[in-house]
Amino acid sequence: ALLLVMFLLGRLPELRIFNRRETHFLVLVATGGYGFWILRSLTMDALDFSTARLLFLTAPLAIGALSAFSREKADGRALFGLALGFVGCILLVGGLRGALLGLAAAGCWALFSVSARPLVRSESALAVAALVTALGALCLLVTCLSMGEGIIRIGPRQLMLACLAGAV
């Protein structure tokens, strides 16, 4: 949907930013465009919806933890609070495999968010989103075809809503 919007707006030349920052885009695709969605799907299979949702909501905790390695430094109290939040989420979940998958999904989203921040400040957000989501969707398609099953079970109504959200 984003590539179509870029085409309709005549902004396809903005996609050349990939040629200048291939490594950055590949990290974004691996974490937010592909890794998060695969891990999210596996978490949904391993846990009930509300527990999986709880784990996905730990992404802000992971973003805070990852920001300690960026220019935005967190102090000791903040890091202790983040660690306590992660431990609390794991204790609430109970199942270790599902918890680890859910936290890994949240970690992928956090890494994506922290990695995308400097790129979106200097480049077109539409071009960045179009490249990341298109390449991530291509990777997901290859995974689905190679496994012979739909990793993300989505119906026509959900697909329409996802396309609408992407277009907006």
Side-chain angles (χ1 to χ4, degrees), residues 1-2 21-70 72 74 76-120 125 128-166 168:
L2 290 174
R21 299 181 177 200
E22 297 92 351
T23 305
H24 202 142
F25 274 104
L26 293 177
V27 167
L28 293 177
V29 169
T31 56
Y34 180 72
F36 168 74
W37 293 104
I38 289 292
L39 291 168
R40 181 179 183 268
S41 177
L42 292 171
T43 303
M44 298 297 273
D45 286 343
L47 300 171
D48 63 273
F49 180 76
S50 60
T51 304
R53 186 86 175 133
L54 169 73
L55 289 171
F56 300 144
L57 294 175
T58 65
L61 295 173
I63 291 170
L66 288 174
S67 70
F69 301 103
S70 69
E72 302 165 13
R77 283 187 357 207
L79 292 176
F80 176 74
L82 291 170
L84 193 60
F86 282 122
V87 169
C89 288
I90 291 172
L91 290 175
L92 285 172
V93 172
L96 186 60
R97 179 183 178 272
L100 292 176
L101 286 170
L103 290 174
C108 273
W109 189 253
L111 186 58
F112 169 77
S113 298
V114 171
S115 300
R117 191 177 322 167
L119 188 63
V120 174
V128 170
L131 280 170
V132 169
T133 55
L135 291 172
L138 182 63
C139 292
L140 287 169
L141 177 63
V142 169
T143 301
C144 288
L145 293 175
S146 68
M147 296 183 73
E149 67 177 90
I151 299 296
I152 300 172
R153 292 165 187 87
I154 187 167
R157 184 171 183 269
Q158 294 164 321
L159 184 60
M160 284 275 289
L161 289 172
C163 287
L164 179 63
V168 171

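Annotation for V29 and C139: closest pair CG1-SG, 4.4 Å, computed over non-hydrogen atoms. Pairing each heavy atom of C108 with each of G35, the nearest pair is SG-C, 4.0 Å.
With sequence neighbours excluded, the residues forming a side-chain contact (heavy atoms from CB on, under 4.5 Å) with L119 are R21, H24, F25, L28, E123, V128, listed by chain and number. Not counting sequence neighbours, the partners of A106 by the side-chain contact (heavy atoms from CB on, under 4.5 Å) test are T58, A59. For A137, there are no side-chain contact (heavy atoms from CB on, under 4.5 Å) partners two or more places apart in sequence or in a different chain.
Of the inter-residue distances, the one linking L26 atom CG with T31 atom OG1 reads 10.5 Å to the nearest 0.5 angstrom. Atom CG of L39 sits about 9.0 Å away from atom OH of Y34, to the nearest 0.5 Å.
Although no hydrogens or angles enter the test, the distance criterion places a donor-acceptor pair under 3.5 Å between the side chain of W37 and the main chain of G32.
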